[in-house]
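I have placed the structure first, in the form of C-alpha cells, so that the comments after it can refer back to it.
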Amino acid sequence: MDSLEEKRQIIENIFRDYAQISYRYGDLKNQVIINRDSDSYLLMTVGWSNQKRVHYCLLHIDIIDGKIWIQRDGTEDGIAIELVMAGIPKDQIVLAFHPAEIRQHTEFAVT
C-alpha cells in the first residue's frame with residue numbers, strides 16, 4: 001500500500017470505530033481530531049468521571065514521509081495490529097512511542 005489517501009482513510013475509519021465505543025462509567029466521550037494538512041490524527045477521551053475532569057489522548061498518529069508514526073497508543077490491544085489487518089505493511093508503521101534503539105527489535109519500521 002503506497003497511497004497516502006488509502007492510509008489516511010484507514011486511520012480515519014479505525015479512529016471513528018474507536019470513537020463509537022461508549023464508556024461504562026462517567027460522562028465520557030471519545031472525540032476524533034483530524035488535521036489532513038499536517039497528517040495528524042488524535043483520538044481524545046473527554047468528559048467527567050467521579051467529579052474529576054478527564055482530558056486524555058488515547059491515540060495519536062502522524063503520517064511522516066509516507067509512514068505511519070504511532071506517537072501514542074492507549075488502546076488495549078494496540079492499533080498497529082489493526083493497521084496491519086487493514087492492509088498497511090509493518091515496514092510502513094513506526095512505533096514512535098518506543099525509543100529508536102528499541103524499535104529495531106520490533107517487527108515494525110525503525111524510522
Side-chain angles (χ1 to χ4, degrees):
M1 168 180 299
D2 292 325
S3 167
L4 178 60
E5 187 57 36
E6 285 178 296
K7 289 176 184 172
R8 287 173 171 161
Q9 197 59 55
I10 287 170
I11 294 167
E12 289 175 22
N13 289 341
I14 291 171
F15 274 44
R16 287 195 173 99
D17 287 346
Y18 271 106
Q20 299 302 314
I21 299 171
S22 59
Y23 286 87
R24 291 184 180 182
Y25 59 90
D27 181 21
L28 301 173
K29 292 189 174 26
N30 287 321
Q31 179 180 12
V32 178
I33 302 168
I34 297 169
N35 184 335
R36 280 186 167 227
D37 292 335
S38 64
D39 277 318
S40 293
Y41 305 82
L42 293 172
L43 181 65
M44 300 293 297
T45 301
V46 296
W48 291 89
S49 180
N50 296 325
Q51 299 181 347
K52 292 184 182 180
R53 181 67 175 158
V54 175
H55 184 263
Y56 175 76
C57 177
L58 185 62
L59 288 168
H60 176 189
I61 289 179
D62 293 315
I63 300 176
I64 302 171
D65 296 328
K67 290 188 180 178
I68 295 174
W69 287 66
I70 303 173
Q71 308 289 1
R72 167 83 176 118
D73 186 351
T75 64
E76 210 168 296
D77 296 324
I79 195 168
I81 301 305
E82 291 186 60
L83 294 168
V84 170
M85 289 172 43
I88 297 175
K90 290 181 179 180
D91 66 352
Q92 294 294 304
I93 301 170
V94 178
L95 304 179
F97 54 84
H98 287 311
E101 60 270 11
I102 301 296
R103 286 184 223 144
Q104 66 184 333
H105 302 293
T106 70
E107 301 173 27
F108 297 92
V110 176
T111 57

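What's counted below: heavy atoms across the whole structure, side chains too, no hydrogens, waters or symmetry copies. In this text, all values refer to a predicted model and were calculated from it rather than measured experimentally. Quick note: residue numbers are just sequence positions, from 1.
The other members of the hydrophobic cluster of I64, by chain and number, are W69, V94 (side-chain heavy atoms under 4.5 Å, ILVMFWY only).
With sequence neighbours left out, D37 forms a salt bridge (charged side-chain N to carboxylate O under 4.0 Å, His left out) with no residue at all. With sequence neighbours excluded, the residues satisfying side chain to side chain contact (heavy atoms under 4.5 Å, CB included) with S38 are N35, S40. R72 is linked by a salt bridge (charged side-chain N to carboxylate O under 4.0 Å, His left out) to nothing, counting only residues two or more places apart in sequence or in another chain.
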Show the atom names and distances, to 0.1 Å, of all donor-acceptor pairs under 3.5 Å that link a side chain in residues 41-52 to residues at least two apart or in another chain.
from : atom 1 : to  : atom 2 : distance (Å)
Y41  : OH     : D39 : OD1    : 3.1
T45  : OG1    : Y23 : OH     : 2.9
T45  : OG1    : N30 : OD1    : 2.7

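Closest approach of G78 and D73 over heavy atoms only: CA-OD2, 3.1 Å. E82 approaches I14 most closely through the heavy-atom pair OE1-CG2, 3.8 Å. L95 and A80 get closest at one heavy-atom pair: CD2-CB, 4.0 Å.
Cluster membership for V84 and V110, using ILVMFWY side-chain heavy atoms within less than 4.5 angstrom, is not shared. Linking ILVMFWY residues whenever their side-chain heavy atoms come closer than 4.5 Å, directly or via other members, leaves I68 and I33 in distinct clusters. Note on Y18: it clusters hydrophobically with F97, by side-chain heavy-atom contacts below 4.5 Å among ILVMFWY residues. In the hydrophobic clustering of ILVMFWY residues, with side-chain heavy atoms under 4.5 Å counting as a link, L4 and L83 come out together.
Atoms CG and CD1, on D91 and I93 in that order, are 8.5 Å from each other to the nearest 0.5 Å. For the atom pair CD1 of I79 and CE of M85, the computed distance is 12.0 Å after rounding to the nearest 0.5 Å. Interatomic distance, E5 CD to I10 CD1, rounded to the nearest 0.5 Å: 10.5 Å.
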Apply side-chain contact (heavy atoms from CB on, under 4.5 Å) to the pair F15 and I61, showing each step before the final yes or no. CA-CA 10 Å; F15 274 44; I61 289 179; 3.8 Å; yes
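In this structure, the side chain of K7 engages the main chain of G66 through a donor-acceptor pair within 3.5 Å.
For residues 96-111, the pairs satisfying side chain to side chain donor-acceptor pair (under 3.5 Å) are K90-E107, with sequence neighbours left out.
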